[in-house]
**Q** 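Below is a structure I'd like to ask you about.
Chain identifiers are assigned alphabetically (A, B, ...) following the order of the sequence lines, protein sequences preceding nucleic acid strands; residue numbering begins at 1 within each chain.
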Number of protein chains: 2
Amino acid sequence: VSSGLLMADEMDEQPDVLGRLVARRDELLAQVRAILPTAPVRVAIVARGSSDHAAVYGRYLLEFAAGTPVALTAPSLQTRYGVQTDYRGHLAIAVSQSGRTPEIVAVLEQMRAHGAATIAITNDGDSPLADAADLAIDLRAGEERAIPATKTVTAQLAAFALVAEAVGAVPWTPVDWATVVPAVDTVLHDPGAATRAAAAIGDATGAIVIARGFLFAAALETALKLKETTGLLAEGYSAADFRHGPIAVVDAGLPVLAISAAGPCAADVAETADEIRARGGHVLTVREADADLPFDAAVPEALAAIPATVRGQQLAHALALHRGLDPDAPAGLSKVTATR
Amino acid sequence: VSSGLLMADEMDEQPDVLGRLVARRDELLAQVRAILPTAPVRVAIVARGSSDHAAVYGRYLLEFAAGTPVALTAPSLQTRYGVQTDYRGHLAIAVSQSGRTPEIVAVLEQMRAHGAATIAITNDGDSPLADAADLAIDLRAGEERAIPATKTVTAQLAAFALVAEAVGAVPWTPVDWATVVPAVDTVLHDPGAATRAAAAIGDATGAIVIARGFLFAAALETALKLKETTGLLAEGYSAADFRHGPIAVVDAGLPVLAISAAGPCAADVAETADEIRARGGHVLTVREADADLPFDAAVPEALAAIPATVRGQQLAHALALHRGLDPDAPAGLSKVTATR
């Protein structure tokens with residue numbers, strides 16, 4: 001039993017991986033700008049699993065930057081129903097850690113064949129997905145061996161933020177990047193908060209993770225990490241959507257992680273959290289100040305998904321250890337999922 | 001205690017509601033065509049809760065029909081971050097049972113102000129949402145009093161199918177509509193299957209619902225109905241996405257509903273169901289033949305989301321009664337959710 005050493009090591013590599021990626025900022029922005037279609041740029045994104053959560057983050061940032069609606073693809077339309085979607089004028093972005101999920105490669109190839117300028121965000125610059133794209137953004141995160149993806153996910157988030165900068169105006173400035181690596185480092189040096197939160201979740205059979213806006217992706221990814229490492233029935237929700245019915249699942253003691261950062265959505269998350277507490281749910285906060293799982297307030301809201309996601313990884317890892325499970329190797333999962 | 005009579009009555013009204021809506025087909029198609037932007041039509045959809053599941057169904061049908069990427073909006077971009085998304089050339093569709101959820105009205109108003117031709121799909125033709133649209137499709141389903149939406153949801157599904165017909169080629173013919181109402185009627189006259197499935201789920205604390213493609217929305221909606229009526233931690237998943245990590249939650253006895261219909265995605269759902277069985281999960285099938293919860297094989301796959309969704313409602317209702325709960329009035333939920 002590896003006792004989660006692979007996942008822990010890979011989590012710990014994140015400051016270095018992110019630092020190296022951000023150091024390539026000028027080069028990456030130039031590469032993206034070189035393939036951008038004529039304005040107005042329209043964006044479509046294809047991904048699965050953790051990469052799809054990075055895609056959700058990218059969906060928010062790219063609509064902000066491009067000022068046009070962003071589409072998250074439904075791969076079955078291309079791979080199962082044979083729809084010939086017109087992607088002229090589109091920037092199409094495919095995200096896959098391995099670059100080897102057949103359906104993602106197939107969809108990106110179709111997007112390119114139907115007119116899109118294409119980017120592959122992958123951790124293998126020699127993968128079929130990289131080969132299929134006009135531009136491959138190789139995350140260079142090093143081989144990821146633990147089943148739960150960690151360093152490649154935060155690298156994907158950062159890559160989307162850099163692509164958004166290349167496309168248009170974003171709600172942060174270049175100097176803000178200097179806050180991200182230290183914030184991730186600070187989280188990683190504070191494992192006690194995650195250990196305490198894991199003890200509070202204990203042997204619960206389910207959990208909910210809420211967030212909104214630029215942090216929504218961190219809620220989806222935290223729920224998936226909890227599923228993968230512990231089998232916990234954890235579901236991620238928009239704090240707004242959660243009140244449209246799903247809040248009925250909250251009963252006494254249900255653990256609910258509430259992720260937010262100072263910004264236009266913080267009050268929505270706080271309001272939903274209050275409703276959850278009123279129903280007896282056990283809310284654990286992930287935010288800058290006065291939080292169960294804090295992160296550095298210096299990071300702007302639009303980049304806070306990165307340290308918040310690391311908090312979620314840390315909690316998933318800690319909860320697995322708390323339950324005597326091996327977070328590196330969830331029962332029966334393999335690293336490349338061969339959906340077509 | 002109403003013992004679920006409101007929800008049961010409203011479920012039973014579905015053949016009539018759907019029949020009346022389909023009878024308006026020619027008129028509705030003409031109304032939609034009268035406001036369509038010049039081709040290529042681009043589509044964006046905004047909704048929350050059950051209506052958002054109808055939106056997911058519409059997302060598949062409309063990309064099929066329009067041959068362009070369809071975007072499901074992230075309302076916070078408009079209502080919280082002030083993004084001025086350019087909707088010129090777009091058909092924007094907002095879906096809300098009440099037509100009174102403030103954020104949905106606000107987003108549709110912005111879509112219209114930024115160039116979209118707008119449709120409101122609502123059950124109140126005098127609602128603020130109807131007023132904000134170029135075309136209001138009034139579902140005329142009659143007042144819905146039970147908290148879990150049923151007849152308005154299947155009417156929304158049918159409305160999206162009719163809008164798709166107005167936009168372009170669809171994978172069914174007009175005569176196929178004649179199969180839908182009888183299929184829903186047959187499901188409603190077979191409550192025993194749902195009672196048996198509810199007994200099989202028993203006191204499980206969680207469940208998963210999988211489907212793919214045109215039936216994916218039925219999985220999302222079935223999971224939400226189970227949440228609303230029983231508090232069960234039920235999550236809907238694409239059968240393809242479920243294998244990218246989340247399958248780790250499956251352990252001995254976990255109830256998994258597998259929804260499919262004859263067509264290009266049936267094998268994917270069957271393959272994922274086999275993996276789930278191999279992990280000890282208890283798979284209950286929702287499909288045409290040899291199923292725990294069958295529906296009529298005469299309905300084409302692209303319209304089968306309608307009877308499949310009714311099966312999900314029926315199961316949610318039966319499971320609530322099995323647990324001694326009142327499906328009409330889940331604890332603390334109200335009919336109109338005032339997210340902004």
**Q** Determine, stepwise, if the pair Ser238(B) / Arg48(A) fulfils side-chain contact (heavy atoms from CB on, under 4.5 Å).
**A** CA-CA 10 Å; Ser238(B) 146; Arg48(A) 287 283 186 202; 3.4 Å; yes

**Q** So if I take each residue of residues 67-77 of chain B and look for any heavy atom under 4.5 Å from a heavy atom in chain A, which residues do I end up with?
**A** Gly67(B), Thr68(B), Pro69(B), Val70(B), Ala71(B), Leu72(B), Thr73(B), Ala74(B), Pro75(B), Ser76(B), Leu77(B)

**Q** Quick one: of Pro264(B), Gly206(B), Gly49(B), Ala223(B), who has the most non-hydrogen atom pairs under 4.5 Å with chain A?
**A** Pro264(B)

**Q** Against chain A, label Asp86(B) side chain, backbone, both or neither, depending on which of its atoms sit under 4.5 Å from a heavy atom there.
**A** both

**Q** Going by heavy atoms in the side chains, are Thr101(B) and His244(A) under 4.5 Å from each other?
**A** yes

**Q** Please say whether more than 12 non-hydrogen atoms of neighbouring residues, nucleotides or ligands are located less than 6.0 Å from CZ in Arg277(B).
**A** yes

**Q** Between Glu103(B) and Arg243(A), does any side-chain N to carboxylate O distance fall below 4.0 Å?
**A** no

**Q** Mind ranking Lys225(A), Arg42(A), Gln84(A) by heavy-atom pairs under 4.5 Å with chain B and telling me who comes out on top?
**A** Arg42(A)

**Q** Which region of Phe214(B), side chain (C-beta onward) or backbone (N, CA, C, O), has a non-hydrogen atom less than 4.5 Å from a non-hydrogen atom of chain A, or is it both or neither?
**A** both

**Q** Taking 4.0 angstrom as the limit, do Arg80(B) and Glu301(A) come out as a salt bridge?
**A** no

**Q** Against chain B, label Leu226(A) side chain, backbone, both or neither, depending on which of its atoms sit under 4.5 Å from a heavy atom there.
**A** neither

**Q** Given a strict heavy-atom distance threshold of 4.5 Å, which part of His90(B) is in contact with chain A: side chain, backbone, both, or neither?
**A** side chain

**Q** Taking only residues two or more places apart in sequence, or in another chain, which ones meet His53(B) in a ring-ring contact (aromatic ring centres under 6.0 Å, His included)?
**A** none

**Q** Side chain, backbone, both or neither: which part of Val249(B) has a non-hydrogen atom closer than 4.5 Å to chain A?
**A** both

**Q** How would you list all residue pairs meeting salt bridge (Lys or Arg N to Asp or Glu O under 4.0 Å) that involve residues 64-78 of chain B, not counting sequence neighbours?
**A** none

**Q** Which region of Ile208(B), side chain (C-beta onward) or backbone (N, CA, C, O), has a non-hydrogen atom less than 4.5 Å from a non-hydrogen atom of chain A, or is it both or neither?
**A** side chain

**Q** Tell me which pairs pass salt bridge (Lys or Arg N to Asp or Glu O under 4.0 Å) where either residue lies in residues 58-74 of chain A, with sequence neighbours left out.
**A** Arg59(A)-Glu63(A)

**Q** Does the ring centre of Tyr81(A) sit less than 6.0 Å away from the ring centre of Tyr60(B)?
**A** no

**Q** Side chain, backbone, both or neither: which part of Ala234(B) has a heavy atom under 4.5 Å from chain A?
**A** backbone

